[in-house]
Amino acid sequence: MPLVKVDGVEIEVPQGATVLQACELAGKEIPRFCYHERLSIAGNCRMCLVEVKPGPPKPQASCALPAADKQEIFTNSPMVKNAREGIMEFLLINHPLDCPICDQGGECDLQDQSVAYGRGHSRYDENKRAVTEKYMGPIVKTVMTRCIQCTRCIRFAEEVSGVEEIGAIFRGEDMQITSYLENAVKSELSGNVVDLCPVGALTSKPYAFEARPWELRKTLTIDVMDAVGTNIRLDSRGRQVLRCVPRINEDVNEEWATDKTRHAIDGLVRRRLDKPYVRVNGKLQPATWDEAFAAIKAVNAGSSVAAVAGDLVDCETMYAAKALLAKMGSSLLEGRQTGMDYDATSIAAVNFNTTIAGTERADAILLVGTNLRWEAPLVNTRVRKAIKKGAKVFAIGPETDLTYKVEWLGDDLALLGNLPEAVTEAFGKAERPMVIVGGGALKGGHAAALKLVDTLGLVKADWNGFNVVHMAASRMGGLMLGYAQKGGIADVMGGEARLLPRRGRGRLFEVRWLQGVRGPSRRQGCGGCRRHPAGCHLCREVGHVGQSRGPRTARRARGFRTGRRA
């Protein structure tokens, strides 16, 4: 391992580390705009200049310079200080002075670094360059006059999301960042370029001119828009949730979030459920909690009562509903409303056993009945990483664009019992084989997929390559609590009454008592409650424990209130 000296302090750094990484290991802060830990090195902003000996008598870009043995690095010498002041002066030559109206204000790297490393004045008296705005869709707002050409957005689109629709045109002073033919960016991860942009060139269009960061109350929680369990932070002002941004969790979402995760909060301000409803003369009427529970108590269905859990219900509510049914003498519990009846007696048979982060280590992957790009986009990014390390990917199902090269085997589940020779050969050589079974195969192919454990040798001493990708946030929690009948929802339909811990938008959940209804409601949101055929309809906002793909338990915020702006 190389031994380097940073500002007189001698440290040992990993082989292949850059000078910038060596400085950070020594506890030194190195300013940067283009460099990002999860993206390739561009080295075009030049803000990370340091002085290195032995070497040429000039400052060098630390992000692109490998750390070598017996190097001496200086991060605060007069040469470095003058170089950084010059770079900052050049970056601000064409940058507009519109900080008071910029949505990046308070979170802007350019503001912070100009104060810390820039000059106190500018010597530039010429006219500033102006750039026309670009259209990147309904999520990303552009003010490209502010752009400093760090190319983070371009590298993210190519390397992480896999949708090469953002690029640079022209050269020199005329260089501009734009989407392809100025069309909307069609990536399900496009909102992440807003977080990546170090200036105010790319900001959130729905959040534009809404609030400043210091006005917002920050609540740490977990996303429920899919079963990945993305770590997020909700920013609210008063009773209004204004923004959702990702938190860093290396085991789950790294530091990314899907567009659905970011902007599902828009549904929190309309058609909210905030009180119980009781059906009177065929119509749901607002009621007090006492009246609602009295209506529930009046039903004496015994063992014929069933509980059907919705896709967003927290584990506490499902447990309470299970306990209530046990008191009434019933054990009819189901959470798979779409008709699934796969074997859930063993959690390992329905779990994501490899773990999300472990997906990167797989060297042969078989996708069965899943479109990972839309069902679990952040798992899809991990598959892309595995491919970059040499993994081969095969898929059974309808052909679609997954943003990476896939060898499609066909659209027939019978292939699970008769895999092509190319698949068996690749999995035979693989040290860490992996199978991902999606919702498209669970209905009729779960048992056949389980046989692949032995056929392809998926389970080894320190590796379990059998995985099921669910699409509902509460699915794994429901299965662990026993919300799975042997025959699926068909076994529940015979009951006279059904208790539904029902899904809602955001963090809103309801418990509905249905009488004389053929099946559960197909409504996906919490709106339209007055038209629902429920006899009694209860709702509340709760903090809860959720269970995502694996045995990892995530606790969401408690007592977080949302509603229409005061």
Side-chain angles (χ1 to χ4, degrees), residues 36-39 103-104 107 136-141 152-153 155-157 159-163 165-166 184-198 202-208 210-211 213 216 218-236 241-268 311-312 352 355-357 359-360 371-385 403 469-473 505-507 546 548-549 552 554-557 560 562:
H36 192 276
E37 293 80 359
R38 305 185 195 279
L39 304 176
D103 279 310
Q104 198 83 356
E107 300 172 322
M136 290 191 180
I139 292 174
V140 181
K141 179 178 182 288
R152 279 187 181 183
C153 53
R155 284 175 284 148
F156 174 83
E159 299 165 13
V160 179
S161 66
V163 180
E165 293 184 340
I166 303 178
V185 179
K186 299 177 182 178
S187 170
E188 64 283 357
L189 300 170
S190 64
N192 291 289
V193 299
V194 172
D195 295 338
L196 285 172
C197 184
L202 303 177
T203 56
S204 175
K205 189 173 285 187
Y207 177 69
E210 287 289 335
L216 303 176
K218 298 171 175 58
T219 304
L220 307 183
T221 183
I222 305 295
D223 173 50
V224 294
M225 290 298 107
D226 55 28
V228 172
T230 303
N231 287 231
I232 59 174
R233 189 191 78 213
L234 295 178
D235 293 350
S236 61
V241 180
L242 295 176
R243 185 172 62 168
C244 172
V245 294
R247 291 185 287 131
I248 296 177
N249 188 323
E250 300 294 344
D251 294 331
V252 183
N253 58 298
E254 299 179 291
E255 60 183 82
W256 316 126
T258 66
D259 292 346
K260 183 189 292 186
T261 296
R262 290 175 181 273
H263 300 291
I265 60 169
D266 293 348
L268 292 175
D311 289 346
L312 302 185
F352 203 88
T355 72
I356 296 173
T359 304
E360 299 179 17
N371 182 351
L372 275 184
R373 181 177 176 184
W374 301 112
E375 295 171 9
L378 296 178
V379 176
N380 202 50
T381 61
R382 303 281 188 164
V383 175
R384 283 181 55 82
K385 283 189 175 184
T403 73
V469 57
H470 299 286
M471 291 174 281
R505 289 195 180 115
R507 302 185 59 261
S548 59
R549 299 193 184 284
R552 173 179 47 80
R555 182 171 292 278
R556 299 177 61 222
F560 188 79
T562 56

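Throughout, numbering of the chain's residues begins at 1 and tracks the sequence. Not measured: the values here are computed from a predicted model.
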Please step through side-chain contact (heavy atoms from CB on, under 4.5 Å) for the pair Ile166 and Val185, ending with a clear verdict. CA-CA 8 Å; Ile166 303 178; Val185 179; 4.0 Å; yes
Could you go step by step and tell me if Thr261 and Cys244 meet the side-chain contact (heavy atoms from CB on, under 4.5 Å) rule? CA-CA 7 Å; Thr261 296; Cys244 172; 4.1 Å; yes
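Atom CE of Met136 is separated from atom NZ of Lys141 by 12.5 Å, given to the nearest 0.5 angstrom. Between atom CD1 of residue Ile222 and atom CD1 of residue Ile232 there is a gap of 7.5 Å, rounded to the nearest 0.5 Å. Separating the CG atom in Asp311 from the CE atom in Met225 is a distance of 10.0 Å, to the nearest 0.5 Å. Rounding to the nearest 0.5 Å gives a distance of 11.0 Å between OG1 of Thr230 and NZ of Lys260. Between the CH2 atom of Trp256 and the CD1 atom of Ile248 there is a distance of 9.5 Å, given to the nearest 0.5 Å. Here CG of Leu202 is found 12.0 Å from CG of Asp103. Values are rounded to the nearest 0.5 Å.
Arg384 places no side-chain N or O within donor-acceptor distance of the main-chain N or O of Ser161, the cut-off being under 3.5 Å. Counting only distance, with no hydrogens or angles, the side chain of Arg233 and the backbone of Leu220 share no donor-acceptor pair below 3.5 Å. Asp226 contributes no side-chain N or O that, together with a main-chain N or O of Val224, makes up a donor-acceptor pair within less than 3.5 Å. In this structure, the side chain of Asn253 engages the main chain of Arg247 through a donor-acceptor pair within 3.5 Å. Checked by atom type and distance alone, the side chain of Asn192 pairs as donor or acceptor with a backbone atom of Ala257 at under 3.5 Å. Although no hydrogens or angles enter the test, the distance criterion places no donor-acceptor pair under 3.5 Å between the side chain of Arg152 and the main chain of His36.
Crowding of Lys205 atom NZ: a count of heavy atoms from other residues, nucleotides or ligands under 6.0 Å exceeding 12.
For the pair Thr258/Leu378, a side-chain contact is recorded, criterion being any heavy-atom separation below 4.5 Å from C-beta on. Between Val379 and Val228 there is a side-chain heavy-atom pair separated by less than 4.5 Å. Residues Val140 and Val193 are in side-chain contact: their nearest non-hydrogen atoms beyond the backbone lie under 4.5 Å apart.
Contacts of Asp195 classified as side chain to side chain donor-acceptor pair (under 3.5 Å), with partners at least two apart in sequence or in another chain: Arg262. Listed by chain and residue number, Glu188, Asp401 satisfy the salt bridge (Lys or Arg N to Asp or Glu O under 4.0 Å) test with Arg373 (two or more places apart in sequence, or in another chain). In this view, Arg243 and Glu107, Asp235 satisfy the salt bridge (Lys or Arg N to Asp or Glu O under 4.0 Å) rule, not counting sequence neighbours. Scanning for side-chain contact (heavy atoms from CB on, under 4.5 Å) contacts around Ile139 gives Ser190, Asp259, His263, with sequence neighbours left out. The side chain to side chain donor-acceptor pair (under 3.5 Å) search around Asn380 returns Tyr404, not counting sequence neighbours. In terms of the salt bridge (Lys or Arg N to Asp or Glu O under 4.0 Å) criterion, residue partners of Glu254 (sequence neighbours excluded) are, by chain and number, Arg38, Lys385.
Between Val469 and Glu375 the shortest heavy-atom distance is CG1-OE1, 4.2 Å.
Here the options are Val245, Leu242, Leu268, Thr221, the test is side chain to side chain contact (heavy atoms under 4.5 Å, CB included), and the partner is Leu234; only Thr221 passes.
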